[in-house]
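Data first, discussion second: the structure below is written as structure tokens.
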Amino acid sequence: MDIKTLLKSEKVKNGLLTLLEILIVAGLIFGALMFVYHKVNSDAKSGTVHVSDANSADSGEKKSANPQDYYLEINRSKNALIVYQYTDKKRTEKNAVKVFPCSVGKNLKNGKYKTVSDYIWIKNDGAWHQYNTKLKEGAWIQSVSYRERYPYTLNRKDYQNIGKKISGAGVCLYSGDAAWIYEHCKDATQVRVLKGKKTDRLPMQPAETINLKKYCGWDPTDSSSENPYLKIKPGKLVSGSKTVVVEKGSSINYLANLLAFDEKGKNILGHLKYKKFSTAETGKHTVKYSYTDTAGKKLEIKQEFQVTDTTCPKVSCSKSMFTLEVASRTAKDINKKENVAKIESMVKPYVSCDEADCTITVHTVVENELGLSTFPVIITAKDAAGNIGSCQVLVEVKINESALKAKGVLSDKEKESLLKMNKEKAKENQKATKKSKEETTKKKKENVTKETEEAVETTAKSE
């Protein structure tokens, strides 16, 4: 079958029309999505947009003013990161200068890498890490994890598991060791990950592990000047950060930013007396801690707390699909501001939020982008702190069939049905005509045959 014949085929024509309609609808949906995306982003500039399972990064501080030329080797079997420094410009000779205990992710492949960027804090897979040096997408040399982006929220279990295998594709170190890599290794530092052997000999022994003090939430190796481990004095109560930040509505670890030892060096942190406060509202609080030893000596310290609200409200809609009916397929009936307002008022009653006093906004397309199609509508909830949560529903714009009937206008379905019926009737007529022709031809043949037979019979008789 040639192309001309193929193009004349009704099936091909219908198929091409269907494909064209699909492309037009897809274009409308894409345009609607882009419009809503930019609109929501614009509204969210003054607030915090909640993005679940997204990586967040902070590169606020600078690296060392004079980073050196190092080579890093990560030995899986020994759970060790070895730092070598080149001793010549041609980089043919190098000496080991540091050995850090580490935990290597199971998904980090053996081979060669180069450091590509670095950040003070990042959040991935729901946990925060300090002093992060990136090897590739999803692979980092970084500190052990923290519950929040504050140095007094250490995940103590992760600290105690250094030297054991971990999931993911990262290399976890004690905070102080991760900070050393961050500060001293320049960009594009070569890194090699190898399997190694248990019998491998390290060029030097790593420093002894510092045990965590009960209740305190700091990493003892953290190089920050605020680290209470660096301020320990017998017979003193010491604090870390000036202000402890607490999320609104959450529980408080009142001892995470403190260390306390009596004159004999005994940890008395769990024996401090203090008054608790509610985190139901944002604001500042000052907590006074005290301890009286057996000799009657009283130790005191004050700690500031700041209750903040950075949690995005959870917004939901009890319906996932809405329908807007229009009188016809003309722009006059479809592209109206009134229809945009109808969509907003149609959706809002079904929206709920887990926080009171939130501003609910329904983001839809502008009137001139409305069409007979199904498109997404974004619903946002903005709380008093400026945090924004969102969810999505679908809206279908279609023709009101009953309105068309009232006007005596055939709907698309009726037109399609009528067209189909006419086609079937035409086929029936063609069959009837063909049959009639066949019967006429047959009758003519029969008449000719009969006349011939009669002529033969008459001739025979005359002879």
Given side chain to side chain donor-acceptor pair (under 3.5 Å), test Asn75 with Asp200 step by step and report yes or no.
CA-CA 9 Å; Asn75 189 314; Asp200 289 343; 3.1 Å; yes

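- Side chain of Asn227 to main chain of Asp222: a donor-acceptor pair is present (N/O by atom type, distance under 3.5 Å, no hydrogens or angles).
- Using a 4.0 Å cut-off between charged side-chain N and carboxylate O, Glu93 and Lys90 make no salt bridge.
- To the nearest 0.5 angstrom, Lys78 atom NZ is 10.0 Å from Arg201 atom CZ.
- Using a 4.0 Å cut-off between charged nitrogen and carboxylate oxygen, Glu304 and Lys284 do not count as a salt-bridge pair.
- Within the 4.5 Å cutoff, the side chain of Tyr291 has no heavy atoms near those of the Ile301 side chain.
- Between the side chain of Gln303 and the backbone N or O of Lys242 there is at least one donor-acceptor pair closer than 3.5 Å.
- No side-chain donor-acceptor contact under 3.5 Å links Asp383 to the backbone of Gly389.
- Heavy atoms only, all atoms of each residue included: Glu148 and Thr153 are closest at O-OG1, 2.9 Å.
- The 12-atom threshold is exceeded at NZ of Lys94, counting heavy atoms of other residues, nucleotides or ligands nearer than 6.0 Å.
- Atom CG of Leu269 and atom CG of Leu255 lie 4.5 Å apart (nearest 0.5 Å).
- Distance alone, capped at 3.5 Å, is enough to place a donor-acceptor pair between the Tyr289 side chain and the Tyr254 backbone.
- Summarising the local packing, NZ of Lys302 is surrounded by 12 or fewer heavy atoms from other residues, nucleotides or ligands at distances under 6.0 Å.
- Residues Tyr159 and Tyr174 bring their aromatic ring centres within 6.0 Å.
- Taking 4.0 Å as the cut-off between side-chain N and carboxylate O, Lys134 and Asp118 do not count as a salt-bridged pair.
- With contacts defined as side-chain heavy-atom distances shorter than 4.5 Å, the pair Pro203/Ile82 qualifies.
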Could you go through Thr282 and Thr308, starting from their C-alpha distance and side-chain angles, then the distance that decides it, and tell me whether this counts as side chain to side chain donor-acceptor pair (under 3.5 Å)?
CA-CA 5 Å; Thr282 58; Thr308 62; over 6 Å; no

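- The side-chain heavy atoms of Phe375 and Val365, taken from C-beta on, include a pair separated by under 4.5 Å.
- Rounding to the nearest 0.5 Å places CD of Glu367 at 11.5 Å from NZ of Lys336.
- Checked by atom type and distance alone, the side chain of Asn339 pairs as donor or acceptor with a backbone atom of Ile334 at under 3.5 Å.
- Comment: Glu344 does not engage Lys342 in a salt bridge, judged by the lack of any side-chain N to carboxylate O separation of less than 4.0 angstrom.
- A distance of 7.0 Å separates NZ of Lys288 from OG of Ser290, quoted to the nearest 0.5 Å.
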What's the verdict on side-chain contact (heavy atoms from CB on, under 4.5 Å) for Leu259 and Lys236, showing C-alpha distance, side-chain angles and the deciding distance?
CA-CA 8 Å; Leu259 276 175; Lys236 293 285 184 181; over 6 Å; no

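- For Glu73 (side chain) and Tyr84 (main-chain N/O), no donor-acceptor pair under 3.5 Å exists by modelled atom type.
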Determine whether Val191 and Ile74 satisfy the following criterion, side-chain contact (heavy atoms from CB on, under 4.5 Å), listing intermediate values before the conclusion.
CA-CA 8 Å; Val191 182; Ile74 298 165; 3.9 Å; yes

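- Without hydrogens or angle criteria, Ser77 side chain to Gly196 main chain gives a donor-acceptor distance under 3.5 Å.
- In terms of heavy atoms, Cys185 sits closest to Leu72 at SG-CD2, 4.1 Å.
- In summary, the side chains of Asn387 and Asp309 do present a donor paired with an acceptor at a separation below 3.5 Å, with no hydrogens or angles considered.
- Residues Ser103 and Lys164 share a closest heavy-atom pair of OG-O, 2.8 Å.
- How far CD1 of Ile166 is from CG of Asp158: 8.0 Å, rounded to the nearest 0.5 Å.
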Go through the steps for Ile141 and Asn132 under the test side-chain contact (heavy atoms from CB on, under 4.5 Å), then give the verdict.
CA-CA 6 Å; Ile141 297 174; Asn132 305 272; over 6 Å; no

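- The neighbour count for Asp88 CG, taken as heavy atoms of other residues, nucleotides or ligands under 6.0 Å away, is above 12.
- Residues Phe277 and Ile252 have side chains in contact (heavy-atom distance under 4.5 Å, counting atoms from C-beta outward).
- The backbone N or O of Ser175 lies less than 3.5 Å from a partner atom in the side chain of Asp219, making a donor-acceptor pair.
- For the pair Thr292 and Lys298, the tightest heavy-atom approach, listed with the atom from each and the gap, is OG1-CG, 3.8 Å.
- The minimum heavy-atom distance between Pro313 and Cys353, with the atom names listed, is CB-SG, 3.6 Å.
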For the pair Gln85 and Asn95, evaluate side-chain contact (heavy atoms from CB on, under 4.5 Å) and give the outcome as yes or no after the intermediate values.
CA-CA 5 Å; Gln85 185 171 19; Asn95 293 329; 5.8 Å; no

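- Counting heavy atoms from C-beta on, the side chains of Leu237 and Leu258 never come closer than 4.5 Å.
- Within the 4.5 Å cutoff, the side chain of Val351 has heavy atoms near those of the Val315 side chain.
- Ring geometry for Tyr70 versus Trp180: interplanar angle over 60°, hence perpendicular rather than tilted (30 to 60°).
- Looking only at distances, a side-chain donor or acceptor of Asn257 sits under 3.5 Å from a matching main-chain atom of Ser241.
- Taking 4.0 Å as the cut-off between side-chain N and carboxylate O, Lys297 and Glu263 count as a salt-bridged pair.
- Side-chain atoms of Ser390 never come within 3.5 Å of backbone atoms of Thr380 as a donor-acceptor pair (strictly under, hydrogens ignored).
- Using a 4.5 Å heavy-atom threshold, the side chains of Phe322 and Cys317 count as touching.
- Within the 4.5 Å cutoff, no side-chain heavy atoms of Asn155 are placed close to those of Val144.
- No side-chain donor-acceptor contact under 3.5 Å links Thr279 and Glu247.
- Of the inter-residue distances, the one linking His271 atom NE2 with Lys273 atom NZ reads 11.5 Å to the nearest 0.5 angstrom.
- Cation-pi geometry between Lys348 and Tyr350 is not satisfied (NZ or CZ under 6.0 Å from the ring centre, within 45° of the ring normal).
- Taking the six-membered ring where the residue is Trp, Trp121 and Trp128 present perpendicular rings, their angle passing 60° and hence far from 30°.
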Between Tyr146 and Gln130, does the side chain to side chain donor-acceptor pair (under 3.5 Å) criterion hold? Intermediate values first, please.
CA-CA 8 Å; Tyr146 292 76; Gln130 277 201 94; 3.1 Å; yes

